[in-house]
Amino acid sequence: MDLRELGAFLRSRRDGVRPSDVGLPTGPRRRVPGLRRDEVASLAGASVEYYTEVERGGGAQPSEQMLAAFARALRLSRDERDHLYHLAGRPLPSSGGAAAHVHPGMLDLLDRLAGTPAMVITDLHMVLVQNALARALVGDQTGGACQVYRWFTDPRARLLYPEADHAHHSRVMVADLWAAVGRRAERTGEAHALVAELTARSAEFTELWERREVAVRRGDRKRIVHRSLGVLEVNCLTLASEDGRQRLLWFTPVPGTAAVAGFELLPVVGTQELGAGSP
């Protein structure tokens, strides 16, 4: 662990990121070549005081989640992200966990969708990052277990959708998980551990898993139950990374439905407070 070098590395990466690279406006009177400390702190969800202390090589060892937030805020490549973890003395996070590396290209696209609810998830349905409108539409889905696990083990996860639609979501999630397991081609690991845990805990999952239906979830039309705006009919569209392990999801209102007016209100309703569902 080398916190002093960690701070120097963060500072060097900050200097190389333009505000426009991360969706921030470029003012005419900037004193620094890249991002300011307060901008990095805001993008990472940290206080300015904390980020400043880390960059100066002081304070406690940053957590795995905080390092992931710094890496995403600074648009680090995978090699740069790995170097950041090594300097902090932290093990590299799993590719399917909440702290997984998000490709900078995915984050760039997410920035360009500021007016559309959007998020990046893994092929195991772990939400890595959301924009503000996605949180307003489906709640804060980051952190904790992946959504397919929540769906089959926590009844609150189903509050986001009408009960009549639950069987459909269960079936397509399991078929998509089969595709992910096959694509990963591993006999052990996080995908198989997830399947084993769900098989032990959910009879519904086990029954669907034994059907061996396989279908990648590339897009869907669904109804979302919003606490303030009612039931919203939306199209959910996806763009997959080259290896298929990450997806950019974005939501659009179905034309001619109440969702069109509802989406216009998303910027003012704030984060939806519901059980964690499954986009």
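In what follows, every heavy atom counts, from backbone to side chain, and hydrogens, waters and symmetry copies are set aside.
Atom-to-atom distance recorded for Ile121:CD1 and Leu128:CG is 8.5 Å, nearest 0.5 angstrom. Atom CG of residue Leu160 and atom NE2 of residue His169 lie 8.0 Å apart, to the nearest 0.5 angstrom. A distance of 11.0 Å separates CG of Leu198 from CG of Leu208, quoted to the nearest 0.5 Å. Note: Thr116 OG1 to Leu266 CG = 10.5 Å, rounded to the nearest 0.5 Å. The distance from atom CG of Asp220 to atom CG of Leu237, rounded to the nearest 0.5 Å, is 10.0 Å. One distance of note links CE of Met173 with NE2 of His168; it measures 9.5 Å at 0.5 Å rounding.
Every residue two or more places apart in sequence or in another chain was checked for a salt bridge (charged side-chain N to carboxylate O under 4.0 Å, His left out) with Asp82, and none qualifies. Applying the side chain to side chain contact (heavy atoms under 4.5 Å, CB included) rule to Ala71 yields the partners Leu76, Arg81, Leu84; only residues at least two apart in sequence or on another chain are considered. For Phe205, the ring-ring contact (aromatic ring centres under 6.0 Å, His included) criterion is met by Phe152, Trp209, not counting sequence neighbours. Among residues two or more places apart in sequence or in another chain, the side-chain hydrogen bond (donor to acceptor under 3.5 Å, both in side chains) test is passed with Asp111 by Arg75. Every ring-ring contact (aromatic ring centres under 6.0 Å, His included) that Phe9 has, sequence neighbours left out, goes to His83. For the side-chain hydrogen bond (donor to acceptor under 3.5 Å, both in side chains) test, no residue two or more places apart in sequence or in another chain qualifies with Ser202. His86 pairs by the ring-ring contact (aromatic ring centres under 6.0 Å, His included) definition with nothing, not counting sequence neighbours. The side-chain hydrogen bond (donor to acceptor under 3.5 Å, both in side chains) check on Arg18 picks up Asp21, with sequence neighbours excluded. Partners of Arg221 by side-chain hydrogen bond (donor to acceptor under 3.5 Å, both in side chains), not counting sequence neighbours, listed by chain and number: Asn235.
The residues Arg135 and Asp140 are annotated as not salt-bridged, no charged nitrogen and carboxylate oxygen being separated by less than 4.0 angstrom. Under 4.0 Å is where a charged nitrogen must lie from a carboxylate oxygen, and between Glu53 and Arg56 no such pair does. At a threshold of 4.0 Å, the pair Glu163-Arg223 does not count as salt-bridged, since none of the basic side-chain nitrogens sits closer than that to a carboxylate oxygen.
Aromatic ring centres of Trp151 and His166: separated by under 6.0 Å.
Between Gln141 and Arg150 there is a side-chain heavy-atom pair separated by less than 4.5 Å. Between Arg72 and Leu107 there is a side-chain heavy-atom pair separated by less than 4.5 Å. You'll find the side chain of Val234 reaches within 4.5 Å of the side chain of Lys222, heavy atoms only. The side-chain heavy atoms of Glu190 and Leu124, taken from C-beta on, include a pair separated by under 4.5 Å. Proximity of Glu204 to Glu207: side-chain heavy atoms (C-beta onward) are nowhere separated by under 4.5 Å. Looking at Leu10 and Leu74, their side chains come closer than 4.5 Å, going by heavy atoms from C-beta outward. Looking only at side-chain heavy atoms (C-beta outward), Arg183 and Val216 come within less than 4.5 Å of each other. At least one side-chain heavy atom of Leu177 sits under 4.5 Å from a side-chain heavy atom of Leu194.
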Exercise. Please walk me through it: do Glu213 and Arg171 pass side chain to side chain contact (heavy atoms under 4.5 Å, CB included)?
Worked result: CA-CA 8 Å; Glu213 295 177 350; Arg171 187 173 63 255; 3.5 Å; yes
Exercise. Passes side chain to side chain donor-acceptor pair (under 3.5 Å), Thr142 versus Gln130? Steps please.
Worked result: CA-CA 8 Å; Thr142 57; Gln130 297 173 275; 4.6 Å; no
Problem set entry | Derivation and outcome, side chain to side chain contact (heavy atoms under 4.5 Å, CB included), residues Ser170 and Arg158 | CA-CA 10 Å; Ser170 295; Arg158 304 196 175 202; 3.8 Å; yes
Exercise. Can Glu197 and Tyr149 be said to form a side chain to side chain contact (heavy atoms under 4.5 Å, CB included), step by step?
Worked result: CA-CA 9 Å; Glu197 181 70 15; Tyr149 181 84; 3.3 Å; yes
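Of all non-hydrogen atoms in His103 and Gly105, the two that sit nearest each other are ND1-N, 2.8 Å. Annotation for Leu113 and Ala118: closest pair CD1-CB, 4.0 Å, computed over non-hydrogen atoms. Shown here for Glu233 and Ala259, the closest heavy-atom pair between the two residues is O-CB, 3.2 Å. Shortest non-hydrogen contact noted between Pro62 and Leu6 is CG-CD2, 3.9 Å. Across all their heavy atoms, Val40 and Ala73 have their closest contact at O-CB, 4.1 Å. Shortest non-hydrogen contact noted between Met66 and Ala46 is CE-CB, 3.8 Å.
Hydrophobic clustering (side-chain heavy atoms under 4.5 Å, transitive across Ile, Leu, Val, Met, Phe, Trp, Tyr) groups Val138 together with Leu265. Residues Val269 and Leu133 are members of one and the same hydrophobic cluster, defined by side-chain heavy-atom contacts under 4.5 angstrom among Ile, Leu, Val, Met, Phe, Trp and Tyr. No chain of hydrophobic side-chain contacts below 4.5 Å, direct or via other Ile, Leu, Val, Met, Phe, Trp or Tyr residues, connects Leu137 to Val260. When the side chains of ILVMFWY residues are joined at heavy-atom separations under 4.5 Å, either directly or via intervening members, Val174 and Val214 end up in a single hydrophobic cluster. By the criterion of side-chain heavy atoms lying less than 4.5 angstrom apart, applied directly or through intervening Ile, Leu, Val, Met, Phe, Trp or Tyr residues, Val102 is grouped together with Leu109 in one hydrophobic cluster.
By the neighbour-count criterion of 12 heavy atoms within 6.0 Å, atom CZ of Arg218 is sparsely surrounded, having that number or fewer from other residues, nucleotides or ligands.
Between the side chain of Gln147 and the backbone N or O of Ala157 there is no donor-acceptor pair closer than 3.5 Å. Checked by atom type and distance alone, the side chain of Gln61 pairs as donor or acceptor with a backbone atom of Gly89 at under 3.5 Å.
Sorted by first and then second residue, the side chain to side chain donor-acceptor pair (under 3.5 Å) pairs with a member in residues 2-16 read Arg13-Glu80, Arg14-Glu55; sequence neighbours excluded. Screening residues 33-61 for ring-ring contact (aromatic ring centres under 6.0 Å, His included), with sequence neighbours left out, gives Tyr51-Phe70.
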Residues 247-256, side-chain donor-acceptor partners within the protein, below 3.5 Å, at least two apart:
from, atom 1, to, atom 2, distance (Å)
Arg247, NH1, Asp176, OD1, 3.4
Arg247, NH1, Asp176, OD2, 3.1
Arg247, NH2, Asp176, OD1, 2.9
Arg247, NH2, Asp176, OD2, 3.0

